[in-house]
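Chain letters run A, B, ... following the sequence lines, proteins first, then strands; residues in each count from 1. This one's a predicted model, so the numbers in the text were calculated from it and none came from an experiment.
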Amino acid sequence: NAGVTQTPKFQVLKTGQSMTLQCAQDMNHNSMYWYRQDPGMGLRLIYYSASEGTTDKGEVPNGYNVSRLNKREFSLRLESAAPSQTSVYFCASESGQEETQYFGPGTRLLVL
Amino acid sequence: SQKIEQNSEALNIQEGKTATLTCNYTNYSPAYLQWYRQDPGRGPVFLLLIRENEKEKRKERLKVTFDTTLKQSLFHITASQPADSATYLCALAYGNNRLAFGKGNQVVVIP
């Protein structure tokens, strides 16, 4: 089992460019999450998906969109990147029964 | 407003001693609380879960307590080892399978 995988590992964007961060899990989990982690701010929830076909906003959704493509995959899209979106992005999944989240290795995004 | 507070100062501790971390929260009523470990450049890893009706939970050298009256959890690492050096995150359950995370507390175990 690979667990939770994220691509890319690192990305540099210019202000205004768009990109999609990919996340996949092979644990047959129902719930998936996108967080961002900034120095001194801790992990903040951007969007989550409680099950295939549903998505909901978290604490900091502005500037982002998500797609739950199927049970395995949950992508995060930045339509027009801003320097304030420079961060480390983590995807996580949860079975819904274990009540614990499994995190991917993260994507480091730098917006110039 | 809702807050989760963990000590921002790193805890430096001698190998073999017990490290104790604190997580305080306000305006949450979590059904359970979790602790995660995060190493530099990596995603958090789940360690322990404790429910609101449990006072204490143990796993190997780790112990967690949960006091819903004080709105506080304590996380202990006994017989600490240099390999325990990491940042430890407190997380509270809220809503539908969502977690709110503290900012984390770094532990440095000195050989």
By number, which residues in residues 99-109 of chain B have some heavy atom less than 4.5 Å away from chain A? B:Leu99, B:Phe101, B:Gly102, B:Lys103
Going hydrophobic residue to hydrophobic residue with side-chain gaps under 4.5 angstrom, can you get from A:Met19 over to A:Val66? yes
Would a line drawn from the ring center of A:Tyr64 to the ring center of A:Tyr47 be shorter than 6.0 Å? no
Need one label for A:Glu94: side chain, backbone, both or neither, based on atoms under 4.5 Å from any heavy atom in chain B. side chain
Test item: A:Val4 and A:Phe90 side chains (from C-beta on) under 4.5 Å apart, heavy atoms: no
Which atoms of A:Leu45 are under 4.5 Å from chain B, going by heavy atoms: the side chain, the backbone, both sets, or neither? side chain
Under a 4.5 Å heavy-atom criterion, the part of residues 51-72 of chain B in contact with chain A comprises B:Arg51
Per-residue contact mode, A:Tyr33 against chain B (heavy atom under 4.5 angstrom): side chain
I'd like to know whether A:Thr7 forms a side chain to side chain contact (heavy atoms under 4.5 Å, CB included) with A:Thr107, so could you lay out the CA-CA distance, the side-chain angles of the two residues, the decisive distance to 0.1 Å, and finally the verdict. CA-CA 7 Å; A:Thr7 54; A:Thr107 293; over 6 Å; no
A:Thr100, part contacting chain B, at a heavy-atom distance under 4.5 Å: both
Those residues of residues 15-45 of chain B, ordered by number, that approach chain A below 4.5 Å (heavy atom to heavy atom): B:Tyr32, B:Gln34, B:Tyr36, B:Gln38, B:Gly41, B:Arg42, B:Gly43, B:Pro44
Determine yes or no for a side-chain-to-main-chain donor-acceptor pair under 3.5 angstrom, with B:Gln6 supplying the side chain and B:Cys90 the backbone. yes
Taking atom types as modelled and ignoring hydrogens, do the side chains of A:Asn70 and A:Glu73 form a donor-acceptor contact shorter than 3.5 angstrom? yes
Please check if the side chain of A:Trp34 supplies one atom and the backbone of A:Phe74 the other of a donor-acceptor pair under 3.5 Å. yes
Donor-acceptor pair, distance only, cut-off 3.5 Å: does the side chain of A:Gln6 make one with the backbone of A:Cys91? yes
Listed by chain and number, what are the side chain to side chain contact (heavy atoms under 4.5 Å, CB included) partners of A:Met41, not counting sequence neighbours? A:Asp38, A:Arg44
Please answer whether the main-chain N or O of A:Leu78 pairs with a side-chain N or O of A:Gln85 as donor and acceptor at a distance below 3.5 Å. no
Backbone N or O of B:Ala83 within a donor-acceptor pair of the B:Gln81 side chain at under 3.5 Å? no
Can A:Arg68 and A:Thr54 be counted as having a side-chain donor-acceptor contact under 3.5 angstrom? no
Comparing A:Glu99, A:Gln101, A:Glu59 against chain B, the one with the most heavy-atom pairs below 4.5 Å turns out to be A:Glu99
Passing option when A:Leu109 is tested against A:Val12, A:Leu13, A:Thr86 for side chain to side chain contact (heavy atoms under 4.5 Å, CB included): A:Leu13
List the atom of A:Ser75, the atom of A:Thr20, and the distance in Å for their closest heavy-atom pair. CB-CG2, 3.7 Å
Taking the side chain as every heavy atom from C-beta outward, state whether A:Leu43 and A:Phe103 have any atom pair closer than 4.5 Å. yes
